[in-house]
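Shown next, in structure tokens, is the structure this report addresses.
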Amino acid sequence: MTVIQVKTAQHKYPVEVGVDIGKQLLRLTRSETANGRLFVFYDAQFYALFGRRFSKDIHKTAPKRAIEMVLPSGEKTKSPKMLSEIYGFLLEQKITRSDFILAVGGGVTTDLVGYAAATILRGLKWGAVPTTLLGMVDAAIGGKTGINHALGKNMIGAFWQPRFVCCDVGFLSTLPGRQLTAGLGEVLKYAGLAGGKMQKHLSLYVSDQNPDYCAVMTDLVRSSAAYKAKIVTGDERESGLRMLLNYGHTFGHGIETALGHGRLLHGEAVILGIHAALELGRLHGHESAALTGYQELVERFIDELPNRKIDAVAVREAMALDKKRSAKGLRFVLLEKPGKPIICDNVDHRSMTVALKQTLAVYANRGGRNA
């Protein structure tokens, strides 16, 4: 097991990564519920597979019986309507500031439940048990919580750090192929930002040359979580360094919004967003053999995406509402080379449009293996 520390102005907390780390989770939960009750929110997909066993173990940790709620799966769950249902559930149970909230599921669950924790009674302690690859490497770490709005993804939210994040890589063995690919989209992001061995391991994964799936996935989760923890420690509220983590997301969020949330999974859209950012970087003069190799890897993941008809004009309209835009306009993270990201504000409309159309052309030709 690996323990990665995230240090922020709110507090320091561990991100624990390993296989079959139930005992560590029980220890962490027990320490947070010594003076109150435990409220557990599950993603329905996870609960169908592991819920009864997980629930039985959780009930052993709390001084009082845990109170549980199962949430629907999917991006549409991250909505004002579902947030209101969570508020109602908690208030009916007369939740107090001594109680603790645990989110068990993918990025949708940790974003939604984390935001409920941030806002109910003006802020309660919470912990995250991400059960998808995307959740483990990105969504659950760093305290970004929130819900979607019809005009854009994650438009409503708060920075609210968890007390702990517990990542059991063993859960990944049951993930559907699309969810695994979506998680690897975020790992692709880190491989571009950090450079180094993650790109090599991802190449092995897509080439089916890896003899030890669990070991490689554990290493990818550990490396990605460590990179994000380092960034969050240096910039909790995205005023500088943390902007780098938006690599691929400006285009990606635009694609998600234009299609309608859930038509492509978040990480799937990020894969396309990374490709578009590489195309935009090339238009800005960033070309090298290393970037070409990285782009070839990205395109191998595009092969795994379901085919959707994407309107470039609708994507550009959605991007215009991106919450990370600056006074100068849209902000992009580009790569001078793998491991050397830069933030770019002075991007003209034509370059953005050309980069997007080039990516959509590649996607139209290569995507479509998965329904």
Side-chain angles (χ1 to χ4, degrees), residues 1-6 13-33 38-62 66 68 70-71 73 100-114 126-143 161-184 186-187 190 198 201 205 210 212-229 267:
M1 184 189 73
T2 299
V3 180
I4 300 159
Q5 294 292 337
V6 180
Y13 61 92
V15 178
E16 304 202 359
V17 180
V19 179
D20 194 17
I21 57 176
K23 290 182 179 179
Q24 286 78 14
L25 172 61
L26 298 184
R27 169 180 52 79
L28 291 165
T29 305
R30 187 179 293 116
S31 69
E32 297 292 348
T33 55
L38 174 64
F39 288 82
V40 187
F41 292 87
Y42 299 97
D43 166 74
Q45 191 172 52
F46 172 85
Y47 193 80
L49 294 171
F50 302 104
R52 290 186 179 180
R53 187 185 76 193
F54 192 96
S55 177
K56 182 179 179 181
D57 289 339
I58 282 292
H59 281 294
K60 297 176 182 177
T61 70
E68 298 165 307
V70 179
L71 305 174
S73 299
F100 186 75
I101 293 174
L102 188 65
V104 185
V108 168
T109 304
T110 56
D111 276 8
L112 171 65
V113 175
W126 75 293
V129 183
T131 60
T132 64
L133 181 57
L134 188 146
M136 292 180 190
V137 302
D138 191 72
I141 304 169
Q161 302 295 340
R163 302 293 295 183
F164 61 79
V165 179
C166 198
C167 305
D168 192 331
V169 180
F171 290 143
L172 301 181
S173 63
T174 61
L175 276 185
R178 282 189 62 190
Q179 286 197 18
L180 196 58
T181 299
L184 289 168
E186 291 288 351
V187 178
Y190 291 117
M198 274 195 284
H201 282 163
Y205 175 84
N210 167 48
D212 192 342
Y213 168 87
C214 189
V216 167
M217 294 306 293
T218 300
D219 186 74
L220 289 174
V221 171
R222 184 189 301 118
S223 299
S224 300
Y227 186 90
K228 183 162 188 181

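We're numbering straight along the sequence, starting at 1.
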Practice prompt. Begin from the C-alpha positions of L25 and F54 and carry the test side-chain contact (heavy atoms from CB on, under 4.5 Å) through to its verdict.
Written response: CA-CA 11 Å; L25 172 61; F54 192 96; 3.5 Å; yes

Worksheet item: So which pairs with a foot in residues 164-175 pass side-chain hydrogen bond (donor to acceptor under 3.5 Å, both in side chains), sequence neighbours left out?
Response: none

Practice prompt. Enter the distance from F171:CZ to T131:OG1 here, rounded to the nearest 0.5 Å.
Written response: 7.0 Å

Worksheet item: Are the side chains of T218 and T2 in touch, meaning some heavy atoms are under 4.5 Å apart?
Response: no

Distance-only donor-acceptor hits, side chain of residues 103-110, under 3.5 Å, sequence neighbours excluded:
unit_1: T110; atom_1: OG1; unit_2: G106; atom_2: O; d: 3.4
unit_1: T110; atom_1: OG1; unit_2: G107; atom_2: O; d: 3.3

Practice prompt. Under the side chain to side chain donor-acceptor pair (under 3.5 Å) rule, collect the residues that match up with S31, sequence neighbours excluded.
Written response: none

Practice prompt. Kindly determine whether I4 and V165 satisfy side-chain contact (heavy atoms from CB on, under 4.5 Å), including the steps that lead there.
Written response: CA-CA 10 Å; I4 300 159; V165 179; over 6 Å; no

Worksheet item: So which heavy atom on C167 is nearest to which on V15, and how close?
Response: SG-CG1, 4.2 Å

Item to complete: For side-chain contact (heavy atoms from CB on, under 4.5 Å), just list the numbers for R27 and E16, CA-CA rounded to whole Å, side-chain angles, deciding distance to a tenth of an Å, and then say yes or no.
Response: CA-CA 12 Å; R27 169 180 52 79; E16 304 202 359; 3.2 Å; yes

Worksheet item: What is the distance from atom CG of L38 to atom CD1 of I101, rounded to the nearest 0.5 Å?
Response: 9.5 Å

Fill in: Test side chain to side chain donor-acceptor pair (under 3.5 Å) applied to E32 - qualifying residues, sequence neighbours left out
K125, R163

Worksheet item: Which heavy-atom pair separates L180 from L133 by the least distance, and what is that distance?
Response: O-CD2, 3.8 Å

Which pairs would a plain distance check flag for residues 43-53, meaning a side-chain donor or acceptor within less than 3.5 Å of a matching protein atom at least two apart in sequence or in another chain?
unit_1: D43; atom_1: OD1; unit_2: S73; atom_2: OG; d: 2.7
unit_1: D43; atom_1: OD2; unit_2: Q45; atom_2: N; d: 3.0
unit_1: D43; atom_1: OD2; unit_2: F46; atom_2: N; d: 3.0
unit_1: D43; atom_1: OD2; unit_2: S73; atom_2: OG; d: 3.4
unit_1: Q45; atom_1: OE1; unit_2: Q179; atom_2: NE2; d: 2.7

Worksheet entry | Check: E68 side chain, V40 main-chain N or O, donor-acceptor pair, under 3.5 Å | no

Discussion item. I need the full list of salt bridge (Lys or Arg N to Asp or Glu O under 4.0 Å) pairs touching residues 214-225, with sequence neighbours left out, sorted by first then second residue.
Written reply: K197-D219, D219-R222

Worksheet item: Between D138 and Y190, is a side-chain contact (heavy atoms from CB on, under 4.5 Å) present by the stated rule, with each step listed?
Response: CA-CA 10 Å; D138 191 72; Y190 291 117; 2.8 Å; yes

Worksheet item: Got a second to check how far L28's CG is from R30's CZ, nearest 0.5 Å?
Response: 10.0 Å

Worksheet, complete the sentence: With L102 as partner, the option from Y42, W126, F164 fulfilling side-chain contact (heavy atoms from CB on, under 4.5 Å) is F164

Item to complete: Check I141 against M136 and note the closest heavy-atom contact, atom names and distance.
Response: CD1-O, 3.3 Å

Discussion item. Using every non-hydrogen atom in the two residues, find where P162 and A140 come nearest and quote the distance to one decimal.
Written reply: CG-O, 4.2 Å

Item to complete: Check the pair K228 / E186 against salt bridge (Lys or Arg N to Asp or Glu O under 4.0 Å), numbers first and verdict last.
Response: CA-CA 11 Å; K228 183 162 188 181; E186 291 288 351; over 6 Å; no

Item to complete: Identify the heavy atoms of Y13 and G142 that sit nearest to each other, and give their distance.
Response: OH-N, 3.2 Å

Item to complete: Identify the heavy atoms of V137 and S224 that sit nearest to each other, and give their distance.
Response: CB-CB, 3.6 Å

